[in-house]
Amino acid sequence: MSLFKVFDIAGSAMSAQNTRLNTTASNLANAETVSSTEEGAYRARQPVFAAMMKGLYGTGPESVGVQVRGVVESDAPVQMRYAPDNPMANEDGYVYQSNVNMVDEMVNMISASRSYQNNVEVINTSKQLLLATLRMGE
């Protein structure tokens, strides 16, 4: 395997983690939103990752990156809360709150951030190895 493939793999992982961070930011931004209907309430979203199998010579999966296959909504129930003073309350005085779990989102954010940092380190180390290899000819 070429050492240059490391950049493709780490780049695909960084792109996937960037999507994960954006999704987490969207969930955190909408954590406290309410709606007058259950269907209108914000539901937490999570990206779905999948391995990209690429054979270097067309023979097998020797190089594996990651791709985002889509973003799915959580099927956890939304909370109904009695708040007759809220302008979004329905005729019975209830509002529907999003199903975002703040603790889960913080864990996702930290995990995505660490994974992104690790892939940056992979790229930096690979760059240093390539430069050291080029210096061997001097």
Side-chain angles (χ1 to χ4, degrees):
M1 174 167 52
S2 167
L3 194 54
F4 292 110
K5 289 289 182 188
V6 171
F7 296 114
D8 293 338
I9 295 169
S12 71
M14 290 170 63
S15 176
Q17 295 304 329
N18 187 37
T19 301
R20 187 174 176 198
L21 278 172
N22 285 334
T23 306
T24 300
S26 176
N27 288 341
L28 288 173
N30 289 291
E32 299 295 327
T33 59
V34 294
S35 174
S36 57
T37 63
E38 185 175 355
E39 294 80 26
Y42 181 84
R43 297 180 190 280
R45 295 177 171 98
Q46 300 296 328
V48 177
F49 297 157
M52 288 188 307
M53 304 299 232
K54 289 184 193 172
L56 291 178
Y57 307 106
T59 56
E62 297 164 355
S63 174
V64 180
V66 65
Q67 66 180 348
V68 178
R69 297 296 297 258
V71 177
V72 296
E73 286 187 350
S74 169
D75 56 354
V78 295
Q79 292 181 344
M80 188 171 71
R81 184 170 44 103
Y82 185 68
D85 295 336
N86 192 317
M88 294 294 291
N90 61 16
E91 60 272 358
D92 297 329
Y94 287 97
V95 293
Y96 294 90
Q97 205 163 5
S98 72
N99 63 357
V100 174
N101 184 329
M102 297 288 275
V103 175
D104 288 347
E105 296 305 323
M106 294 303 288
V107 168
N108 278 336
M109 183 176 67
I110 291 169
S111 175
S113 173
R114 296 279 164 83
S115 179
Y116 195 92
Q117 290 172 348
N118 288 339
N119 283 294
V120 169
E121 282 300 315
V122 166
I123 288 174
N124 283 334
T125 301
S126 297
K127 183 180 80 176
Q128 290 172 355
L129 289 173
L130 284 171
L131 289 173
T133 303
L134 289 174
R135 276 190 232 114
M136 287 175 59
E138 293 178 354

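Just so you know, these numbers come straight off a predicted model, no measurement behind them.
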Are any non-hydrogen side-chain atoms of Glu105 and Met102 less than 4.5 angstrom apart? no
Do the side chains of Pro47 and Thr19 get nearer than 4.5 Å, heavy atoms only? yes
Could you tell me if the side chain of Arg20 sits less than 4.5 Å from the side chain of Tyr116, heavy atoms only? no
Between Asp104 and Val100 (side chain of the first, backbone of the second, donor and acceptor by atom type, cut-off under 3.5 Å), is there such a pair? no
What's the spacing between Tyr96 OH and Met88 CE if we round to 0.5 Å? 12.0 Å
Quick one: CD on Gln117 to CD on Gln17, what's the gap to the nearest 0.5 Å? 11.0 Å
Measure from the side-chain N and O atoms of Asn99 to the backbone N and O of Ala44, and report whether any donor-acceptor pair falls under 3.5 Å. yes
Measuring from Thr23:OG1 to Met109:CE, what's the distance to the nearest 0.5 Å? 13.5 Å
In the single-linkage hydrophobic clustering (I, L, V, M, F, W, Y; side-chain heavy atoms under 4.5 Å), do Tyr82 and Met80 co-cluster? yes
Kindly work out whether a path of hydrophobic side-chain contacts (I/L/V/M/F/W/Y, heavy atoms less than 4.5 Å apart) joins Leu21 to Leu28. yes
Of all heavy-atom pairs linking Val66 and Ala13, the shortest is CG1-CA, 3.4 Å
Shared hydrophobic cluster for Met14 and Val122 (ILVMFWY, side-chain gaps under 4.5 Å): yes
Take atom CD of Glu73 as the centre, draw a 6.0 Å sphere, and report whether it contains more than 12 heavy atoms from other residues, nucleotides or ligands. yes
Donor-acceptor under 3.5 Å (Ser26 side chain, Asn22 main chain): no
Could you measure the distance from the CG atom of Asp92 to the OG atom of Ser36? Nearest 0.5 Å is fine. 11.5 Å
If you round to the nearest 0.5 Å, how far is CD of Gln79 from CD of Glu38? 11.5 Å
For the OG atom of Ser15 and the CG atom of Asn119, what is their distance to the nearest 0.5 Å? 11.0 Å
Identify which one of Val71, Thr24, Asn27 satisfies the side-chain contact (heavy atoms from CB on, under 4.5 Å) criterion when paired with Gln46. Asn27
Would you indicate whether the side-chain heavy atoms of Gln97 and Val78 approach each other to under 4.5 Å? no
Do the side chains of Val68 and Phe49 get nearer than 4.5 Å, heavy atoms only? yes
Same cluster (ILVMFWY, side-chain, under 4.5 Å), Ile110 and Val120: no
